Protein chains: 2
Amino acid sequence: MSRLDQTREVKTSKGGQTKALILENALEMFRERGYEETTMRAIAERAGVALGNAYYYFRSKEHLIQAFYSRLHEEHLAASRPVLDRERKFKDRLSGVMRALLDVIEPYHQFSAILFKSAADPRSPLNPFSPESEQTRQESIGVFTQLVAGSKIKVPEDLGGELPFLLWLYQMGVILFWIHDASPGRARTRRLVEGSVELVAKLVTLASLPLLRPLRRTTLRLVAGLREEAPGG
Amino acid sequence: MSRLDQTREVKTSKGGQTKALILENALEMFRERGYEETTMRAIAERAGVALGNAYYYFRSKEHLIQAFYSRLHEEHLAASRPVLDRERKFKDRLSGVMRALLDVIEPYHQFSAILFKSAADPRSPLNPFSPESEQTRQESIGVFTQLVAGSKIKVPEDLGGELPFLLWLYQMGVILFWIHDASPGRARTRRLVEGSVELVAKLVTLASLPLLRPLRRTTLRLVAGLREEAPGG
DNA sequence: GTCTATAACCGGATAGAC
DNA sequence: GTCTATCCGGTTATAGAC
């Protein structure tokens, strides 16, 4: 059995140490020089292992990203914790979680371009709709489940079920914008978040209006279909 | 001056013929075997030219895609023409244009995954927000400008200016779904289009309600910012 | 100045010895 | 579990033909 199969390897075993060593060096180099500029040979060399050995632990260069991806999620969750514990207003919770996201991903801006490039490929294990991403995706959506559950906002029952998924989609959209945002400190994305959080909160409120009930139901039926129908959804 | 600089090369000149020859063979092979599986060497061989020659006409393998991309747009425009000439109802026009899109891109489904993978990279010339894509993007949005202009729908003036762009964004979302859609004949995407066209039409109508005016203005201000702020937008 | 052909280079990935 | 040797394909350099 190769180390590839062991998802949560203990870092004290020989293999676990080597794997961690390779990953750390890879992530550092990605951040320093970017993804394309960092060769597998250079990673192996810096980690003091042979090229083939790096491939023993990581099936491909892309798989190094997957490790990075799940680490990002953990950091985001941690950074969101204080907000989710403290705030009760839906808008403040959403705003806090989105800000936490931007803070966490900022150091990886240039690198992340590649990350999400791979993510756009349906055949890539990194694609957020792929079966391989199932776990991470559920965990990501979980943040928004907590966000909604712990807020004071009143949401129609049918919408409540889909809302975390919808907010996750919203987050994906923000990330897409962020990737293309070259402004210093990602100022534009931050402005987008300020404005759009406001809007999302308003929309959720409006969605309760009896007048808009038919529209809401149509929309939700569509979203439910979309969700089920997405491969791996 | 190399052939690379001549965007609209006459196909009767020697070079133009060679360029077209390479492109045709490349696209055929992409369709038959997919992108990754088609090597530049194989393309050159099939076209009866040397490898280096293919690179003389196309700066990189990705640039072959760009040529494909703009051809797709032309086909889409042509396929939309009858609908835009015949229909007057906004919903029917949108529905027709979207169906035309799905028809046109269907033969390239597996190949297009790669296309949009590249497109997701901010540094790629293929990315729809890049300066290099300016022309194609404007032409794509132009379809929706025509769509709106030729319809009977009444739209508030402020919304009217942004609507073509918003519809283009909607189209991009549909394409994203389509890429991940493995159902036969892209049945799921077709269902998504049926449902979402309805929804979009309803939203545009609702947007005129005086009650929703503040929401509309906030949204439009946000969208206008987003548009200006997108690199290359 | 326009075009073609051949021979590398480089880096991701794999095979197989130890 | 780690290494060395090698493959493979995108890309580039270069030499020269028309």
Side-chain angles (χ1 to χ4, degrees), chain A residues 1-6 9-23 25-26 29-30 33-67 114-115 117-118 121 123-126, chain B residues 1-7 9-23 25-26 29-30 33-67 111 114-115 117-118 121 123-126:
Chain A
M1 176 162 105
S2 96
R3 292 302 173 194
L4 284 171
D5 305 319
Q6 310 180 11
E9 175 60 57
V10 198
K11 292 212 180 115
T12 45
S13 73
K14 177 105 181 273
Q17 277 180 326
T18 309
K19 184 170 182 175
L21 187 67
I22 294 167
L23 180 58
N25 280 287
M29 294 183 82
F30 287 160
R33 322 179 190 175
Y35 181 77
E36 318 256 55
E37 292 65 34
T38 304
T39 68
M40 287 298 279
R41 281 166 178 84
I43 293 170
E45 192 179 357
R46 176 144 147 185
V49 302
L51 174 62
N53 200 14
Y55 278 97
Y56 177 73
Y57 289 105
F58 297 93
R59 206 186 303 276
S60 75
K61 199 178 174 186
E62 272 198 353
H63 279 77
L64 280 165
I65 299 182
Q66 210 168 23
I114 291 297
L115 196 159
K117 171 181 167 168
S118 309
D121 183 351
R123 289 166 314 183
S124 166
L126 292 176
Chain B
M1 175 163 109
S2 95
R3 291 300 175 195
L4 284 171
D5 305 320
Q6 309 182 11
T7 36
E9 174 63 55
V10 197
K11 292 209 182 119
T12 46
S13 74
K14 179 96 182 280
Q17 277 179 327
T18 308
K19 183 170 182 174
L21 187 67
I22 294 167
L23 180 59
N25 281 286
M29 295 183 83
F30 288 160
R33 321 179 190 176
Y35 182 76
E36 317 255 60
E37 291 65 34
T38 304
T39 69
M40 288 297 280
R41 284 167 176 87
I43 293 170
E45 192 180 352
R46 174 144 150 185
V49 302
L51 173 62
N53 198 14
Y55 278 97
Y56 178 75
Y57 289 106
F58 297 93
R59 206 185 303 276
S60 74
K61 200 177 174 186
E62 270 199 354
H63 279 79
L64 280 165
I65 298 181
Q66 211 167 24
F111 163 42
I114 290 296
L115 196 160
K117 171 180 166 167
S118 309
D121 182 352
R123 290 166 314 183
S124 165
L126 292 178

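Order of the sequence lines fixes the chain letters, A, B, ..., with proteins taken first and strands second; residue numbering starts at 1 for each chain. All values derive from a computational prediction rather than experimental measurement. FYI, side chains are in, hydrogens and waters are out, and symmetry mates aren't considered; it's all heavy atoms of this structure.
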Please give me the minimum heavy-atom distance between [X] and [Y], naming the atom from each residue.
{"X": "A67(B)", "Y": "L23(B)", "answer": "CB-CD1, 3.7 Å"}
{"X": "I43(A)", "Y": "L64(A)", "answer": "CD1-CD1, 4.0 Å"}
{"X": "K61(B)", "Y": "T38(B)", "answer": "NZ-O, 2.8 Å"}

Between [options], spot the one nearest the side chain of [X], thanks.
{"X": "R41(A)", "options": "dG12(C), dG9(D), dT4(C)", "value": "dG12(C)"}
{"X": "V49(A)", "options": "dT11(D), dC3(D), dG12(C)", "value": "dC3(D)"}
{"X": "N53(A)", "options": "dT4(C), dA13(C), dC3(D)", "value": "dC3(D)"}
{"X": "L51(A)", "options": "dA13(C), dT4(C), dG10(D)", "value": "dA13(C)"}
{"X": "T39(A)", "options": "dT2(D), dG12(C), dG9(D)", "value": "dG12(C)"}
{"X": "Y55(A)", "options": "dT2(D), dT14(C), dT4(C)", "value": "dT14(C)"}
{"X": "K61(A)", "options": "dT2(D), dT4(C), dG12(C)", "value": "dG12(C)"}
{"X": "A50(B)", "options": "dT6(D), dT6(C), dC3(C)", "value": "dT6(C)"}
{"X": "Y57(A)", "options": "dT4(C), dT2(D), dT11(D)", "value": "dT2(D)"}

